[in-house]
Asks: 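The following block contains the structure, expressed as structure tokens.
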2 protein chains.
Amino acid sequence: MDTVSSPGRHSRLDCSPGCSVEATLSLIDGKWKGVILFHLLDGTLRFNEIRKRIPDVTQRMLTNQLRELEVDGLIARRVYAQVPPKVEYSLSERGRSLEAVILALKHWGDAHLHLFHPRDSAA
Amino acid sequence: MDTVSSPGRHSRLDCSPGCSVEATLSLIDGKWKGVILFHLLDGTLRFNEIRKRIPDVTQRMLTNQLRELEVDGLIARRVYAQVPPKVEYSLSERGRSLEAVILALKHWGDAHLHLFHPRDSAA
DNA sequence: GCACATAGTGTCAAAATGGATACCGTTAGT
DNA sequence: ACTAACGGTATCCATTTTGACACTATGTGC
């Protein structure tokens with residue numbers, strides 16, 4: 001168990017109080033996790049339904065991000081034994097508990113970014 | 001090219017409503033931004049004071065992250081014409097407005113992962 | 001016997017990110 | 001003359017992340 005007690009090297013969580021910020025961030029960070037989580041707030045979605053909602057994500061990336069979210073226990077993956085395949089993704093309880101965080105991010109974005117990006121200006 | 005901000009990150013925000021989530025995320029994302037912001041919630045800090053609070057950050061990285069935060073208008077940088085130099089960092093108004101978000105991240109972290117990280121264990 | 005649909009995998013290469021280390025400029029102290 | 005203090009830069013390199021693109025499996029419809 002590589003938790004706080006590791007003597008010489010600390011992996012992520014045993015630093016200053018600010019660490020839980022970084023730790024939480026590390027879960028929802030990854031180019032598409034935020035949006036994925038956001039869309040799943042609305043309910044269960046199939047793989048291709050998510051793709052439609054996030055047109056720029058590639059198949060590989062989507063699979064990837066979904067897998068990471070699953071490993072971190074934020075989403076549940078349900079496979080139906082059908083052909084063609086059907087796989088549904090939904091928030092786990094843990095994922096659902098992130099709702100406040102996701103919405104905080106969204107609200108701040110809506111209020112302070114009002115749908116354009118300051119860093120784009122020079123491009 | 002080791003410049004300040006990375007335009008390749010999330011420059012195109014033309015996706016769905018969930019985009020403000022990613023957009024906000026892209027601002028506080030970066031290995032140390034979350035913690036930096038968190039520490040600045042307490043008030044103005046000098047460069048080396050931040051370093052002391054975040055022992056693992058290298059000088060280069062700290063400069064880097066601070067620059068990005070500055071470019072994104074989240075922090076203010078105040079240079080005193082002295083020798084040796086004195087540079088103070090503080091939250092801008094925009095940065096201060098992120099307080100709720102930072103705290104949401106911290107609270108979730110404290111409550112839901114309280115020092116247990118799934119991805120760290122089985123290496 | 002071919003294409004279509006869904007939900008993937010595999011491989012390679014480019015790009016972004018992060019770490020290590022050394023250097024810079026000014027002035028005060030010894 | 002040399003060193004320390006502070007807040008950086010510059011350069012090089014390793015690791016990680018992401019993108020492009022091709023490939024897979026299988027049952028159905030034509």
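Residue numbers begin at 1 in each chain, while the letters A, B, ... track the order of the sequences. Scope of the values below: all heavy atoms of this structure, side chains included, with no hydrogens, waters or symmetry mates.
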Asks: For the pair made of CE in A/Met61 and P in D/dT16, what is the distance, rounded to whole Å?
Replies: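 About 15 Å, once rounded to whole Å.
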
Asks: Using modelled atom types and a 3.5 Å cut-off, is there a donor and acceptor pairing between side-chain atoms of B/Arg51 and backbone atoms of B/Leu62?
Replies: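 Checked: no pair found.
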
Asks: Please state how far atom CD in A/Gln65 lies from atom P in D/dT16, giving the value in whole angstrom units.
Replies: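 My rounded result for the distance is 16 Å.
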
Asks: Whole angstroms only, please: what is the CG-P distance between A/Asn64 and D/dC21?
Replies: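 Distance check: A/Asn64 CG to D/dC21 P gives 18 Å.
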
Asks: Between B/Asp29 (CG) and C/dG18 (C1'), how many Å, whole number?
Replies: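 Checked: the CG to C1' distance equals 13 Å.
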
Asks: What I want to find out is whether B/Arg96 reaches B/Glu99 closely enough, with some N-O distance under 4.0 Å, to be called a salt bridge.
Replies: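 Judged by the 4.0 Å cut-off on N to carboxylate O distance, B/Arg96 and B/Glu99 do form a salt bridge.
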
Asks: Within this structure, what is the CD-to-C1' distance between A/Glu68 and D/dT18, rounded to whole angstrom?
Replies: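 Distance, rounded to whole Å: 12 Å.
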
Asks: So, the side chain of B/Glu70 versus the backbone of B/Ala76: is there a donor-acceptor pair under 3.5 Å, distance only?
Replies: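 Checked: no pair found.
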
Asks: Main chain of B/Trp108, side chain of B/His112: is a donor-acceptor contact present, judged purely on distance under 3.5 Å?
Replies: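 Checked: no pair found.
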
Asks: To the nearest angstrom, how far is B/Gln82 atom CD from D/dG8 atom C1'?
Replies: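 In whole Å, D/dG8 C1' and B/Gln82 CD are 15 Å from each other.
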
Asks: What integer distance in Å separates B/Ile54:CD1 from C/dG19:P?
Replies: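 Whole-Å distance recorded here is 12 Å.
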
Asks: Give the intermediate values and the outcome of salt bridge (charged side-chain N to carboxylate O under 4.0 Å, His left out) for residues B/Asp29 and B/Lys33.
Replies: CA-CA 6 Å; B/Asp29 181 17; B/Lys33 290 186 191 174; over 6 Å; no

Asks: Please report, rounded to the nearest Å, how far the C1' atom of C/dG19 is from the NZ atom of B/Lys31.
Replies: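 After rounding, the reported distance stands at 8 Å.
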
Asks: Pairs under 3.5 angstrom, nitrogen or oxygen only, protein versus nucleotides 3-9 of chain C, please.
Replies:
{"unit_1": "C/dT6", "atom_1": "O3'", "unit_2": "A/Arg46", "atom_2": "NH2", "d": "3.1"}
{"unit_1": "C/dT6", "atom_1": "O3'", "unit_2": "A/Pro85", "atom_2": "O", "d": "2.9"}
{"unit_1": "C/dA7", "atom_1": "OP1", "unit_2": "A/Arg46", "atom_2": "NE", "d": "3.0"}
{"unit_1": "C/dA7", "atom_1": "OP1", "unit_2": "A/Arg46", "atom_2": "NH2", "d": "3.0"}
{"unit_1": "C/dA7", "atom_1": "OP1", "unit_2": "A/Val87", "atom_2": "N", "d": "3.3"}
{"unit_1": "C/dA7", "atom_1": "OP2", "unit_2": "A/Asn48", "atom_2": "N", "d": "3.1"}
{"unit_1": "C/dA7", "atom_1": "OP2", "unit_2": "A/Asn48", "atom_2": "ND2", "d": "3.3"}
{"unit_1": "C/dA7", "atom_1": "N7", "unit_2": "A/Gln59", "atom_2": "NE2", "d": "3.2"}
{"unit_1": "C/dG8", "atom_1": "OP1", "unit_2": "A/Arg67", "atom_2": "NH2", "d": "3.2"}
{"unit_1": "C/dG8", "atom_1": "OP1", "unit_2": "A/Arg77", "atom_2": "NE", "d": "3.4"}
{"unit_1": "C/dG8", "atom_1": "OP1", "unit_2": "A/Arg77", "atom_2": "NH2", "d": "2.5"}
{"unit_1": "C/dG8", "atom_1": "OP2", "unit_2": "A/Tyr89", "atom_2": "OH", "d": "2.6"}
{"unit_1": "C/dG8", "atom_1": "N7", "unit_2": "A/Gln59", "atom_2": "OE1", "d": "2.9"}
{"unit_1": "C/dG8", "atom_1": "N7", "unit_2": "A/Gln59", "atom_2": "NE2", "d": "2.6"}
{"unit_1": "C/dG8", "atom_1": "O6", "unit_2": "A/Gln59", "atom_2": "OE1", "d": "3.0"}
{"unit_1": "C/dT9", "atom_1": "OP1", "unit_2": "A/Arg67", "atom_2": "NH2", "d": "3.0"}

Asks: Per the salt bridge (charged side-chain N to carboxylate O under 4.0 Å, His left out) rule, what does the pair list look like for residues 75-87 of chain A, sequence neighbours excluded?
Replies: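 Sorted result for residues 75-87 of chain A: A/Lys86-A/Glu88.
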
